[in-house]
Amino acid sequence: MSQATIESILQEERLFQPPAEFSQAAHIKSLEEYQRIYAKSVAEPEVFWGELAEQELHWFQKWDKVRDWQPPFAQWFVGGKLNISYNCLDRHLTNGRRDKTALIWEGEPGDSRTFTYAELHQEVCQMANVLKKLGLEKGDRVGIYMPMIPEAAIAMLACVRIGAIHTVVFAGFSAEALKERLVDAQAKIVITADGGWRKDVIVPVKEQVNRALADNGVPSVQNVLVVKRTDQKVNMIPERDLWWHELRQDASTDCPAEPMDSEDTLFILYTSGTTGKPKGVVHTVGGYSLYSHITTKWIFDVKDSDILWCTADVGWITGHSYIIYGPLSNGATTVMYEGAPRSSNPGCFWDLIQKYRVTIFYTAPTAIRTFMKMGEELPKARDLSSLRLLGSVGEPINPTAWMWYYRVIGGKRCPVTDTWWQTETGGAMISPLPGAIPTKPGSATLPFPGIVADVVDLNGNPVGENQGGYLVIHNPWPGMLRNVYRNPDRYRSTYWEHISPKDGKYIYFTGDGARKDQDGYFWIMGRVDDVINVAGHRLGTMEVESALVSHQAVSEAAVVGRPEEIKGEEIVAFVTLEEGYFPSEELTKELKNHVVQEIGVIARPSAIRFTDALPKTRSGKIVRRVLRDLAAGKEVAGDLSTLEDRSVIEQLRSGT
Ligand code: PRX
């Protein structure tokens, strides 16, 4: 159990009311208003979502039906036609935001660029025309493997403008991981850069793409479009690889947005699961457009004057929804930062808030805990008075970190919204609405309107107040994933295996544990499956195990998460070796590097423990619970009678 979980299990009594001035100006102004909206959203979901879709988005053609729920497959705004790039750009050209700043970008070396809505629109049209010229058609897949530069946003918006399906792969993933995703998505084009700055070094993304595509490794890829960022010399493969700045010269700035069917696929984003390879989470145009838009509006209380900075990478769902689509759809100004806090500039986040007068700041608990450790001096030396709202995402936030964030960064003035959600949900699902819902440090509070969340036991029966159980969602919502790409069986078996005994209906299993307190507030306790969350990054234990056993020295591997103060969890791998190999420092190093090569730095195990055998049941299943206890240095608890050989535990404990 992580520190965050332990802390949040301790009864937390503090309650923070939304500041009165905040509530007065907020979109949702009081708890009563939230409750009224919530009650309507549940009683009449089709009316609720239909009205919002009509008010909040531009449609080329209205839908025939708001929701079509054939469990476990849902369709939203059936028959409607729209384009998310139109909603993010074109409509702002005629509603007074044409010359408003849409995007502020800051590079790690200190260079910066800004784009008005008109300028961003032009760039997106140009890239869309280039993609069309390369033969890209509606429905084709595009891999985006980019540093955090404006062209990453431009590439995403250009794809969706012409109906191409982007699959953004976080640039911290290795060539091997990139290849795996490009193969599954059958990408036709890859968009990348000659490099990008991160922590004072240039990340060689183009070289990784070359490696992923080497030896015709991804036969579907026809072209690679390369953005010049760092002026690094890169290896361009003739005919396949093309420079964006060259093709842009002749590209027209006029490219009408393709009217898309509401249920056409918008993008695929790969995420880790309990079994097998990462799965391609499929989101569709209509539902995602509305859900990312309305959650941004109500949870971040976005107004025209707001400057929103979400520190995630566009390679994750948080970047998709709250750097790009949500803020731009709302006509806000969004900030994008190329780099990360680093020893040469540990205060860079606070500098940026001061420089751009950021009003809404959204980051992860790991970052907050890291800053906490660095002390209050850095943020206190900057003017953070522009901030009016703070958000947290990606992992449980422990009350101590919450309080520090509230006090030191928010000056006790800014509501803190702890947003619980997943790649699969498209947008935040449980979160305070900052002008309406009182907050408790460590709790994500209450469900967003339209979201029916509950905590149940394995049979789907609700558990009692303050009792731990499985977090589930009862009804479909517009932003929900529609499928696992090319794998509907996995979609069913991962999320929809359970039927509620209450009403015989399907329930969506989130894979998280939670408890609900006497006020109906949700306290998320972390994953209950074989997924680990390292610094807010989601990893399947099986992925890391597969990476380990692909090394010739490894016979078997079992990977578990161990609580860690800053990152929430860290990876510990138990490994048995093939004959002829022996434990050594070098081998430990080699295996760690091997995992980095196979997956990426986020998956580097913190510890590798060699053993002669792993604890297994008689049927050969590894008993991870035992390993989790051992990794955390705890006494092994629970029933051990199913173990085939109990002496293994002694051996593991003594480290031999
Ligand atoms: O375990 C939960 C944790 O992150 C998981 C989803 O990871 P991913 O799909 O990568 O999306 C991350 C960003 C939305 C969840 O199953 N998680 C996310 N937000 C929170 C959280 N755990 C606790 N509190 C949160 N606010």
Side-chain angles (χ1 to χ4, degrees), residues 1-5 7-9 168-170 172-173 268-274 278-281 283 291-292 295-296 299 310-323 326 362-369 390-399 401-402 405 416-432 439-448 453 455 470-473 479-481 484 494-495 508-515 521-540 543 561 567-569 602-603:
M1 204 179 290
S2 69
Q3 185 58 27
T5 312
E7 272 189 57
S8 72
I9 284 171
V168 186
V169 179
F170 172 55
F173 278 122
I268 304 166
L269 187 55
Y270 285 85
T271 191
S272 297
T274 44
K279 48 194 176 223
V281 166
H283 282 288
Y291 202 67
S292 58
T295 50
T296 305
I299 292 174
C310 163
T311 67
D313 192 284
V314 290
W316 309 115
I317 190 71
T318 310
H320 282 54
S321 299
Y322 300 117
I323 298 177
Y362 191 35
T363 196
T366 290
I368 299 167
R369 289 189 289 261
L390 301 174
S392 171
V393 62
E395 40 177 332
I397 180 163
N398 47 314
W402 194 105
Y405 198 29
V416 173
T417 54
D418 171 17
T419 61
W420 173 86
W421 58 297
Q422 310 178 298
T423 305
E424 293 87 341
T425 68
M429 300 283 280
I430 303 180
S431 165
T439 50
K440 300 183 190 184
S443 169
T445 75
L446 300 171
F448 194 77
V455 182
Y470 299 90
L471 179 65
V472 298
I473 313 291
M480 132 187 161
L481 83 161
V484 171
T494 309
Y495 307 105
Y508 171 88
F509 252 65
T510 64
D512 279 309
R515 72 180 166 93
Y521 275 42
F522 286 83
W523 299 78
I524 313 297
M525 294 157 72
R527 301 291 301 197
V528 289
D529 52 10
D530 291 331
V531 169
I532 38 185
N533 191 329
V534 182
H537 298 137
R538 176 170 162 182
L539 286 162
E543 267 173 86
K567 295 185 282 185
E569 275 187 299
I602 56 170

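Remember, it's 1-based here, ligands and their atoms both numbered in the order they're listed.
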> Nearest heavy atom to atom 2 (C) of ligand 1: which of Asp512, Thr425, Thr417 does it belong to?
Replying inline: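 Nearest heavy atom to atom 2 (C) of ligand 1 lies in Asp512.
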>> On a heavy-atom basis, I'd like to know which of Gly511, Ser431, Gly568, Pro396 is closest to atom 23 (C) of ligand 1.
In response: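 The option holding the nearest heavy atom is Pro396.
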>> By the definition side-chain contact (heavy atoms from CB on, under 4.5 Å), identify the one residue from Thr419, Ile299, Thr425 that meets it with Phe448.
In response: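 It is Ile299; the other options fail the test.
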>> Going by side-chain contact (heavy atoms from CB on, under 4.5 Å), Phe522 matches just one of Asp512, Val455, Asp418, Thr445. Which one?
In response: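 Answer after filtering Asp512, Val455, Asp418, Thr445: Val455.
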Per-atom contacts of ligand 1 with [X], taking only distances under 4.0 Å to non-hydrogen atoms:
| X | answer |
| --- | --- |
| Thr419 | 19 (N), 20 (C), 25 (C), 26 (N) |
| Thr318 | 13 (C), 14 (C) |
| Arg538 | 6 (C), 7 (O), 8 (P), 9 (O), 10 (O) |
| Asp418 | 25 (C), 26 (N) |
| Trp421 | 6 (C), 14 (C), 15 (C), 18 (C), 19 (N) |
| Asn533 | 3 (C), 4 (O) |

>> With a heavy-atom distance limit of 4.0 Å, tell me whether Ile524 approaches ligand 1 through its side chain, its backbone, both, or neither.
In response: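 Just the side chain.
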>> If we set the cut-off at 4.0 Å for heavy atoms, which region of Gln422 has an atom near ligand 1: side chain, backbone, both, or neither?
In response: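 Answer for Gln422: both.
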> What are the two closest non-hydrogen atoms of Asp530 and Thr274, and how far apart are they?
Replying inline: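 Looking at all heavy atoms of both residues, the closest pair is N-CG2, 3.4 Å.
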>> Using every non-hydrogen atom in the two residues, find where Ile268 and Tyr270 come nearest and quote the distance to one decimal.
In response: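 Nearest pair, atom of Ile268 first, then Tyr270: CG2-CE1, 3.8 Å.
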> Does a side-chain heavy-atom distance below 4.5 Å link Val534 with Ile602?
Replying inline: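 When only atoms from C-beta onward are counted, Ile602 and Val534 do not touch, as no gap falls below 4.5 Å.
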> Can you find a heavy atom in the side chain of Tyr362 that is under 4.5 Å from one in the side chain of Tyr322?
Replying inline: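 Tyr362 vs Tyr322: side chains touch.
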>> With a 4.0 Å cut-off on heavy atoms, is Gly526 in contact with ligand 1?
In response: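 Contact check Gly526 vs ligand 1: negative.
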>> Whether the Thr366 and Glu395 side chains hold a donor-acceptor pair (N or O, under 3.5 Å, no angle test) is what I'd like checked.
In response: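 Looking only at side-chain atoms, Glu395 and Thr366 do form a donor-acceptor pair, the distance falling under 3.5 Å.
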